[in-house]
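Data first, discussion second: the structure below is written as structure tokens.
Letters A, B, ... are given to chains in the order of the sequence lines, protein chains preceding strands, and every chain is numbered from 1. Atom set for the values below is all heavy atoms of this structure, side chains included, hydrogens, waters and symmetry mates excluded.
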Protein chains: 2
Amino acid sequence: MSCEQTLIQQLRARGFRLTPQREMVLSVLHDGEGLVTAEEGHSRVQRLSSAVDISTVYRTLGLLPKFDLVSSVDPGDGQRRYEFLGLHGAHLHLICQACGQVSGIDLEVAPALVEQLQAACGFQAALDQLSIPGLCPACAVAPDG
Amino acid sequence: MSCEQTLIQQLRARGFRLTPQREMVLSVLHDGEGLVTAEEGHSRVQRLSSAVDISTVYRTLGLLPKFDLVSSVDPGDGQRRYEFLGLHGAHLHLICQACGQVSGIDLEVAPALVEQLQAACGFQAALDQLSIPGLCPACAVAPDG
DNA sequence: CTAAATGCAAATATTTTGCAGGTTA
DNA sequence: TAACCTGCAAAATATTTGCATTTAG
């Protein structure tokens, strides 16, 4: 089933409607590479239909994660980012504090962490929404800049 | 050496000055329990001296983490939080997505994670600035509300 | 037809910045 | 005294909300 179909299904199942705007927002997330801010999503959507308002983009970006089609992360730079999930599934994000680059890696790096958190304090970690700050390989070598 | 002394030393070492405002900001972080937003810090500081401006609090909160006296984390709710480090040292934060509660736990839960990230992609994780989203024990039981 | 969604504009919230005057070393 | 810091006000940024109108089902 295409993600488009999934969207329609999920919307209907909960009494939401399929609008061109929602299709477009899903589409730009689908086609775009990786993490997208609301603003970026908005400008990409506007290439498809220039009248779409950014408030609609915000509303849609708030909606899509509920359908497991999109995930959202806050890299801690004051701009939440959204990402299409269909292709690779959930993963976690590594955020370089020096250059801002974000890379996604498989959740499999951290199964032990989840178990340990569960065991140690009963906390149920949602790794798919996790972003880990640090230094990417390039910046780790040259800490300044 | 008291954290006050450390602050003075760190400030002087880098050509910064010790001001009452900076002392007060450090003080409220020191006395407060756990994570504090800029706004919270500001209102606590104002109890000590009502004229202190929030922009000064922001400036100081941007400064203190550089001295390893304070750490900052962004729980992903659009409000960065700050925390005094002297007592317990660095740790990571578990953030409940249902009730918003934040608890800190020792970095020792995740040494394997750091190694794996380093090995897998050369990423140097800064766990002390990490916050992990998920569900706290209470909310994990009663997912709604 | 009706509930839901959109566009627009205005409101909110958070953090940053310019600058004149005050303060630390 | 000189560089640094503060308070104030205004700006910048990001996101949300009210409401009249439009639209999907």
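Taking the nucleotide of DNA chain C with the nearest heavy atom to each of B:Ala38 and B:Leu18, the more 5' of the two is matched to B:Ala38. Comparing A:Ser55 and B:Arg59 along DNA chain D, the residue whose closest nucleotide (by nearest heavy atom) sits nearer the 5' end is B:Arg59. The residue among A:Phe16 and B:Gly15 whose nearest nucleotide of DNA chain D is located toward the 5' end is B:Gly15. The 5' end of DNA chain C is approached more closely, in terms of each residue's nearest nucleotide, by A:Arg17 than by the other of A:Ala51 and A:Arg17.
At least one side-chain nitrogen or oxygen of A:Thr56 sits closer than 4.0 Å to the OP1 or OP2 atom of C:dG7. Close to D:dT16, at under 4.0 Å from its OP1 or OP2, lies no side-chain N or O of A:Tyr58. Not one side-chain nitrogen or oxygen of B:Gln21 sits closer than 4.0 Å to the OP1 or OP2 atom of C:dT23.
B:Arg80 comes within 4.0 angstrom of sugar-phosphate atoms only, judged by non-hydrogen atoms across all strands, and of no base.
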Would B:Ser55 and B:Arg59 satisfy side chain to side chain donor-acceptor pair (under 3.5 Å), going step by step from the backbone distance to the final call? CA-CA 6 Å; B:Ser55 68; B:Arg59 286 187 273 229; 3.1 Å; yes

Evaluate A:Val25 against A:Val70 for side chain to side chain contact (heavy atoms under 4.5 Å, CB included), listing each step before the verdict. CA-CA 11 Å; A:Val25 171; A:Val70 163; over 6 Å; no

Test side chain to side chain contact (heavy atoms under 4.5 Å, CB included) on A:Tyr82 and A:Leu64; report intermediate values, then the result. CA-CA 9 Å; A:Tyr82 300 83; A:Leu64 291 176; over 6 Å; no

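Rounded to whole Å, the distance from CZ on A:Arg14 to P on C:dA4 is 15 Å. As rounded to whole Å, 14 Å separates atom P of C:dA5 from atom CD of A:Glu23. Look at CE on A:Met24: it is 8 Å from P on C:dG7, rounded to the nearest Å. When the P atom of D:dG25 is taken as reference, atom CG of A:Leu11 falls 9 Å away, rounded to whole Å. Rounded to an integer number of Å, the gap from A:Asp53 CG to D:dT22 P is 16 Å. Rounded to an integer number of Å, the gap from CD1 of A:Ile54 to P of C:dA9 is 14 Å. In this structure, CD of B:Glu39 is placed 14 Å from P of C:dT16, rounded to the nearest angstrom. Atoms NE2 (A:His42) and C1' (D:dT13) sit 16 Å apart, rounded to a whole Å.
The side-chain heavy atoms of B:Phe67 and B:Leu7, taken from C-beta on, include a pair separated by under 4.5 Å.
Heavy-atom minimum distance, A:Thr56 versus A:Gln21: CG2-CB, 3.8 Å.
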